[in-house]
Amino acid sequence: MQRIELKERAKENLLSDLKIPLISVIITLGIPLIVWGSLQYYFLYFVHAGIPLSMNFILTLPIAVILCYLFVTVLKVGEAKIFVHLSNHKLLRLRTLFQYFRYTIRVCLIHLTKGVLVLAGLLLLIIPGIYLMLAYSLTDFIVAEDKDVDLVEALKMSRGMLKGHIGELLILYLSFLPWLIFGILTGVGLFWYRAYYRATMAEVYKAVRENYTPPEVVLNRRTLY
């Protein structure tokens, strides 16, 4: 898994067909940013106006956060599918971003379980959490490729594909840190960072998937190519 080669290939793919990947990233990132900004605006409005926070606002706050989390979680799988298609030089369609909402429960359950495991690892000794975060970083791509994969299979396959590559993946993650800082400082650059990162992870997924044979589950090859 050659980091520089993967990033160069991802950049070339992006620059050759940027429109749909960038729009998908703007939608996926834009929704939580809009929701968070709106919540902050209303909170500050109540505070500065000296108005007690209404019960309606307090009750709708967690609902808004949960719905936003569920919505974006499903969009991330559709986004992963778009970047897999980009990696394989397939025709890109924006509607792909929304095609996994019929599997919302399964997608969110996998994502939530992954998050809980990573958080538990971080709270225990930090390093196990970082390891699990890296080891499970391909779950979106796996679910995007096989909509019928279950929770345990998705997590197992991600760990199996990345076995022996965790150190390389960590270096790859760190190489994106300057882009992340640039994105945070500029705002708009955050969308390029996200697109570049996801395109590179799609290349990682493609590279490790080709040399991986699941011990118990064989993916439907028609969905892989």
Side-chain angles (χ1 to χ4, degrees), residues 3-42 44 64-101 104 107-108 110-111 114-115 118 130 133-134 136-145 158 169-207:
R3 172 176 55 87
I4 296 177
E5 182 181 336
L6 292 173
K7 293 180 73 173
E8 283 299 320
R9 200 180 310 150
K11 193 187 300 183
E12 288 175 8
N13 290 339
L14 268 179
L15 295 177
S16 68
D17 198 354
L18 182 60
K19 183 179 177 181
I20 298 300
L22 189 58
I23 292 175
S24 70
V25 164
I26 290 173
I27 294 173
T28 305
L29 275 184
I31 290 174
L33 290 175
I34 291 171
V35 171
W36 179 247
S38 300
L39 292 174
Q40 282 189 315
Y41 170 79
Y42 284 110
L44 292 174
V65 172
I66 291 171
L67 289 177
C68 179
Y69 170 79
L70 296 177
F71 196 77
V72 172
T73 296
V74 179
L75 286 181
K76 284 174 64 180
V77 176
E79 181 194 69
K81 185 69 170 182
I82 287 174
F83 281 99
V84 168
H85 282 175
L86 179 69
S87 175
N88 292 323
H89 307 290
K90 284 188 165 185
L91 178 65
L92 304 182
R93 302 179 189 275
L94 188 58
R95 67 187 182 193
T96 302
L97 184 66
F98 307 97
Q99 72 180 27
Y100 292 89
F101 278 98
T104 297
V107 169
C108 291
I110 291 172
H111 195 272
K114 179 181 74 172
V118 171
I130 295 174
M133 180 185 69
L134 296 169
Y136 295 143
S137 60
L138 296 181
T139 51
D140 283 348
F141 296 94
I142 292 168
V143 176
E145 290 282 78
S158 183
L169 190 60
L170 177 59
I171 295 173
L172 178 65
Y173 268 47
L174 293 176
S175 73
F176 277 100
L177 191 57
W179 281 108
L180 176 59
I181 294 172
F182 171 76
I184 293 172
L185 292 176
T186 60
V188 176
L190 199 59
F191 297 112
W192 168 254
Y193 153 75
R194 173 74 177 182
Y196 186 18
Y197 166 73
R198 290 291 265 181
T200 303
M201 288 305 296
E203 292 298 323
V204 170
Y205 173 66
K206 182 179 178 180

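Keep in mind that this is a model prediction, so the values were computed, not measured.
No side-chain heavy atom of V107 sits less than 4.5 Å from a side-chain heavy atom of F101. Counting heavy atoms from C-beta outward, K7 and L172 have side chains that approach closer than 4.5 Å. Between F83 and K206, the closest side-chain pair of non-hydrogen atoms is not below 4.5 Å. At a threshold of 4.5 Å between non-hydrogen side-chain atoms, the residues H89 and N13 count as touching. The closest side-chain heavy-atom distance from D140 to R198 is below 4.5 Å. Residues M201 and L169 have side chains in contact (heavy-atom distance under 4.5 Å, counting atoms from C-beta outward).
A search for side chain to side chain donor-acceptor pair (under 3.5 Å) contacts involving E5 returns R9, not counting sequence neighbours. Residues meeting the side chain to side chain donor-acceptor pair (under 3.5 Å) test with Y173, sequence neighbours left out: Y197.
Between I82 and P21, the shortest heavy-atom distance links the atoms CG2-CA, 4.2 Å.
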Sequence neighbours left out, cut at 3.5 Å: what donor-acceptor pairs do the side chains of residues 183-193 make with other protein atoms?
unit_1	atom_1	unit_2	atom_2	d
T186	OG1	F182	O	2.8
T186	OG1	G189	N	3.1

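Here R3 contributes atom CZ and T200 contributes atom OG1; the two are 11.0 Å apart, rounded to the nearest 0.5 Å. Atom CG in L18 sits 10.5 Å away from atom CG in L92 (nearest 0.5 Å). To the nearest 0.5 Å, atoms CG (L75) and CG (L70) are separated by 11.0 Å. Distance check, rounded to the nearest 0.5 Å: OG of S175 to CG of L170 gives 10.0 Å. Between the CG atom in D17 and the CG atom in L91 there is a gap of 8.5 Å [rounded to 0.5 Å]. For the atom pair SG of C68 and CD1 of I34, the computed distance is 9.5 Å after rounding to the nearest 0.5 Å.
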Should K81 and T96 be marked as a side chain to side chain donor-acceptor pair (under 3.5 Å) after you check the CA-CA gap, both sets of side-chain angles, and the distance that decides it? CA-CA 7 Å; K81 185 69 170 182; T96 302; over 6 Å; no
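Side chain of Y196 to main chain of A10: no donor-acceptor pair is present (N/O by atom type, distance under 3.5 Å, no hydrogens or angles). Between the side chain of S24 and the main chain of E79, no donor-acceptor pair closer than 3.5 Å is present.
Screening I27, T28, L29 against V25 for a side-chain contact (heavy atoms from CB on, under 4.5 Å) leaves a single residue, L29.
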